Number of protein chains: 2
Amino acid sequence: MTYAKDMPVDTALASELRTTVMRLARRLRNQRTDDSLSLSQIAALGTLVRHGPLTPSELAAHERVQPPSMTRLLAKLEAAGLVTRTDHPTDGRQVLVAVSQQGLDMIKADRKRRDAWLAQRLRDLTPEDREVLHRAAEVLGRLAEQ
Amino acid sequence: MTYAKDMPVDTALASELRTTVMRLARRLRNQRTDDSLSLSQIAALGTLVRHGPLTPSELAAHERVQPPSMTRLLAKLEAAGLVTRTDHPTDGRQVLVAVSQQGLDMIKADRKRRDAWLAQRLRDLTPEDREVLHRAAEVLGRLAEQ
DNA sequence: TATTGTTATACTCTATAACTATA
DNA sequence: TATAGTTATAGAGTATAACAATA
């Protein structure tokens with residue numbers, strides 16, 4: 001690739017990275033062939049797996065949706081048996097939402113399916129390219145966390 | 001990072017890459033502070049910029065939406081003065097949609113705004129990290145194109 | 001008869017506003 | 001009075017089915 005002479009190097013790299021990351025993300029997202037759950041539902045379930053039980057409000061804040069939207073989303077997840085609700089031990093207003101074993105199984109199956117597509121393409125790369133990606137994954141992770 | 005002993009290396013790398021790429025993509029997507037256009041509209045406009053004038057059907061296929069959805073989306077873009085329609089020279093059924101100068105300006109401004117956030121974070125990295133990302137961007141681009 | 005594009009209609013997801021129960 | 005959660009209602013986005021115009 002080439003840099004325009006008058007362009008700061010960071011901007012050119014940012015532009016290139018943004019394009020490729022977004023494009024790859026789109027490909028990865030489209031790998032979802034099983035349409036039983038929406039992306040929002042998968043995301044919420046994944047957050048519960050990572051963080052452990054949360055209240056609906058906390059989950060809504062994590063997913064950047066409004067509480068009423070999370071109410072509806074959780075109703076569907078609960079109807080599908082993927083999450084369970086338990087009353088908060090001391091505060092009667094609050095509810096704790098946790099992933100059920102069935103929900104955990106579904107998330108794992110979903111991740112496995114997504115990884116399969118990417119893993120096949122990684123096998124077609126040279127070992128050098130894989131090494132670059134391995135090192136880049138750590139740096140990208142730090143970027144995303146900020 | 002660590003690899004499970006019984007896990008093929010490609011699967012572990014795929015899992016790690018998928019997580020970080022999706023997370024970073026989410027961050028980049030959320031950078032859109034100006035809510036004048038939806039993501040679908042921005043995407044369609046961007047495709048027109050990259051590919052040049054297309055028919056509504058071609059554009060729908062590119063964006064993986066059904067033709068009626070593209071009809072509605074284009075109606076909004078046209079109302080906003082961001083695209084223009086011209087009759088196909090030889091086939092009276094077809095229409096060619098092209099980006100207007102105003103649409104081009106909007107796409108450029110949008111990209112600039114998105115790049116700014118990422119460029120600032122890249123400046124905080126070490127030169128070595130940036131070099132890794134520079135090399136990885138090329139590899140990721142190949143992955144996404146497949 | 002097949003193809004391109006549009007219109008009619010319905011469903012999903014998300015939002016704001018109003019309401020209920022509890023602190 | 002404030003907070004957690006839900007219900008009521010509306011808007012955006014996309015889908016399928018039916019229709020009009022042209023090849």
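Everything numeric here is computed off the predicted structure, so don't read it as measured data. Lettering of chains follows the sequences in order, A, B, ..., and the numbering in each one begins at 1.
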Note to self: Students often get this wrong, so: under 4.0 angstrom with heavy atoms, is Ser69(B) touching a base, only sugar-phosphate, or nothing?
What the structure shows: base
Notebook entry, point to check: Of the non-hydrogen atoms in Gly46(A) and Ile107(A), which two are nearest, and what is the gap between them?
Noted result: N-CD1, 3.8 Å
Check: Does a donor on one side chain and an acceptor on the other come within less than 3.5 Å for Glu63(B) and Thr47(B)?
Finding: yes
Item checked: Presence of salt bridge, Asp110(A) and Arg114(A), under 4.0 angstrom -> yes
Margin query: Can you tell me if Thr71(A) touches the phosphate of dG5(D), counting only side-chain N or O atoms and a distance under 4.0 Å to OP1 or OP2?
Written below: no
Taking only N/O atoms, report every protein-nucleotides 19-23 of chain D pair under 3.5 Å with atom names and distance.
unit_1  : atom_1 : unit_2   : atom_2 : d
dA23(D) : OP1    : Gly92(B) : N      : 2.9

Next item on the list: Could you point out which residue of Leu82(B), Val99(B), Leu77(B), Leu104(B) forms a side-chain contact (heavy atoms from CB on, under 4.5 Å) with Leu48(B)?
Entry: Val99(B)
Item checked: Between dT14(D) (C1') and Gln41(B) (CD): distance, integer Å -> 13 Å
Margin query: So, OP1 or OP2 of dC13(C): does either fall under 4.0 Å of a side-chain N or O from Arg64(A)?
Written below: no
Note to self: With a 4.0 Å limit, can you tell me whether Thr55(B) has a side-chain N or O closer than that to the phosphate oxygens OP1/OP2 of dT4(C)?
What the structure shows: no
Margin query: So if I take every side-chain heavy atom of Gln66(A) and compare against dG5(D), dG5(C), dT16(C), which nucleotide ends up nearest?
Written below: dT16(C)
Notebook entry, point to check: Can you tell me how far P of dG5(C) sits from NE2 of His88(B), to the nearest Å?
Noted result: 9 Å
Check: Starting at CE of Met70(B) and ending at C1' of dA15(D), how long is that distance when rounded to a whole Å?
Finding: 14 Å
Note to self: Counting the atoms with a prime plus P, OP1 and OP2 as sugar-phosphate, which does Ser57(B) contact under 4.0 Å by heavy atoms, base, sugar-phosphate, or nothing?
What the structure shows: sugar-phosphate
Checklist line | Neighbour count >12 (heavy atoms, 6.0 Å) for atom CG, Asp91(A) | finding: yes
Check: Which ones in residues 72-82 of chain A lie close to DNA chain C, meaning a heavy atom under 4.0 Å from one of its atoms?
Finding: Arg72(A), Lys76(A)
Notebook entry, point to check: Restricting to pairs with a member in residues 70-79 of chain A, which pass salt bridge (Lys or Arg N to Asp or Glu O under 4.0 Å), not counting sequence neighbours?
Noted result: Glu78(A)-Arg85(A)
Next item on the list: Go through dG5(D), dT14(C), dA15(D) for me and flag the one nearest to the Gln94(A) side chain.
Entry: dG5(D)
Checklist line | Side-chain N or O of Ser40(B) closer than 4.0 Å to phosphate OP1/OP2 of dT14(D) | finding: yes
Note to self: Output the rounded distance in Å from CG (Leu96(B)) to P (dT4(C)).
What the structure shows: 13 Å
Next item on the list: Under 4.0 Å between any heavy atoms, over every strand shown, what does Pro68(A) touch: base, sugar-phosphate, or nothing? Just pick one.
Entry: base
Notebook entry, point to check: Could you state the interatomic distance from CD1 (Ile42(B)) to CE (Met106(B)), rounded to the nearest 0.5 Å?
Noted result: 6.5 Å
Next item on the list: Measure the distance from CG on Leu54(A) to C1' on dA4(D) and round it to the nearest whole Å.
Entry: 14 Å
Notebook entry, point to check: Would a 4.5 Å heavy-atom cut-off, applied to side chains only, mark Leu118(B) and Leu122(B) as touching?
Noted result: yes
Check: Is the closest side-chain heavy-atom distance between Leu125(B) and Arg142(A) below 4.5 Å?
Finding: yes
